[in-house]
Amino acid sequence: MTMLAILVLAGTICCDVIGQLCFKVGLDDPSISIQARPIWLRVIGSPLIWLGLATYAVEIAAWLFVLSRLPLSVAFPLAGLSYCGIALASRFILRESISRRRWIGTILIALGAAVVGSSL
């Protein structure tokens with residue numbers, strides 16, 4: 001297992017967080033009334049949705065690289081750190097309220113990833 005594979009795995013986690021942020025912000029664009037346009041028109045007309053899809057395309061290529069270098073039983077649990085990144089981004093970028101129960105779940109996911117990662 002190489003350091004490069006671990007760095008690319010970290011990149012896939014970042015891509016996942018960025019993609020999800022793009023999707024959320026793209027759909028919540030305040031300049032577009034929710035009732036004014038059907039969801040499919042909002043999706044195809046949003047540059048942020050397209051950026052999120054492009055980010056996911058990069059993530060897929062990087063994920064295939066990771067899978068060629070790391071066991072799936074290691075890579076996939078570590079990829080679960082994207083849940084932690086999304087919770088943090090939701091709180092600090094989108095200013096969403098995160099309950100104590102969700103923070104506890106996020107911490108448990110991070111601890112589980114730490115246990116799996118310690119086997120590297």
Side-chain angles (χ1 to χ4, degrees):
M1 291 182 259
T2 67
M3 181 59 80
L4 178 60
I6 294 168
L7 289 173
V8 174
L9 176 60
T12 66
I13 294 167
C14 290
C15 283
D16 199 23
V17 173
I18 291 166
Q20 289 296 326
L21 286 173
C22 287
F23 293 152
K24 179 64 176 164
V25 174
L27 287 174
D28 287 350
D29 185 352
S31 67
I32 302 171
S33 170
I34 290 176
Q35 287 78 23
R37 293 173 62 190
I39 185 102
W40 66 272
L41 282 176
R42 290 188 343 213
V43 167
I44 63 171
S46 171
L48 279 174
I49 299 290
W50 288 103
L51 179 60
L53 289 171
T55 303
Y56 267 32
V58 170
E59 180 184 358
I60 290 169
W63 182 246
L64 293 174
F65 175 83
V66 168
L67 290 180
S68 73
R69 303 293 194 284
L70 296 176
L72 182 60
S73 63
V74 172
F76 196 74
L78 290 176
L81 286 172
S82 66
Y83 293 108
C84 302
I86 290 168
L88 290 167
S90 296
R91 173 64 183 99
F92 296 110
I93 295 173
L94 300 178
R95 305 280 189 227
E96 293 180 357
S97 176
I98 309 287
S99 70
R100 181 178 295 148
R101 176 175 266 169
R102 285 194 196 135
W103 282 125
I104 290 169
T106 300
I107 291 167
L108 290 173
I109 290 169
L111 290 172
V115 169
V116 170
S118 68
S119 68
L120 293 176

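- Summarising the geometry of D16 relative to S82, their closest heavy-atom pair is OD2-OG, 2.9 Å, with the distance given to 0.1 Å.
- Residue I109 comes nearest to G80 through the heavy atom pair CG2-O, 3.5 Å, listed as atom of the first residue, atom of the second, then distance.
- The shortest heavy-atom contact between A113 and P77 is CB-O, 4.2 Å.
- Looking at heavy atoms from C-beta onward, L111 lies out of side-chain contact with V115 at the 4.5 angstrom threshold.
- L88 has its side chain out of reach of I98: every pair of non-hydrogen atoms, C-beta onward, lies at least 4.5 Å apart.
- The CZ atom of R69 sits 13.5 Å away from atom CG of L9, with the distance rounded to the nearest 0.5 Å.
- In terms of heavy-atom proximity, T55 sits nearest to C15 at CG2-O, 3.2 Å.
- Once rounded to the nearest 0.5 Å, the distance linking CH2 of W63 with CG of L67 reads 5.0 Å.
- Linking Ile, Leu, Val, Met, Phe, Trp and Tyr whenever their side-chain heavy atoms come within less than 4.5 Å puts L53 and V43 in one cluster.
- For the atom pair CZ (F65) and OG1 (T12), the distance works out to 11.5 Å, reported to the nearest 0.5 Å.
- Among the candidates V8, L4, L7, I6, the single residue satisfying the side chain to side chain contact (heavy atoms under 4.5 Å, CB included) test with V66 is V8.
- Using a 4.5 Å cut-off between side-chain heavy atoms of Ile, Leu, Val, Met, Phe, Trp and Tyr, with links allowed through other members, Y83 and V116 fall into different hydrophobic clusters.
- Here the NZ-CD distance, from K24 to E96, works out to 6.0 Å after rounding to the nearest 0.5 Å.
- Grouping the Ile, Leu, Val, Met, Phe, Trp and Tyr side chains by contacts below 4.5 angstrom, directly or via other members, places V17 apart from V58.
- Of the inter-residue distances, the one linking L48 atom CG with F23 atom CZ reads 10.5 Å to the nearest 0.5 angstrom.
- Summarising the geometry, atom CG belonging to L78 is positioned 6.5 Å from atom CD1 belonging to I13; distances are rounded to the nearest 0.5 Å.
- By the criterion of side-chain heavy atoms lying less than 4.5 angstrom apart, applied directly or through intervening Ile, Leu, Val, Met, Phe, Trp or Tyr residues, L72 is grouped together with V74 in one hydrophobic cluster.
- Counting non-hydrogen atoms of other residues, nucleotides and ligands closer than 6.0 Å to CH2 of W50 gives a total of 12 or fewer.
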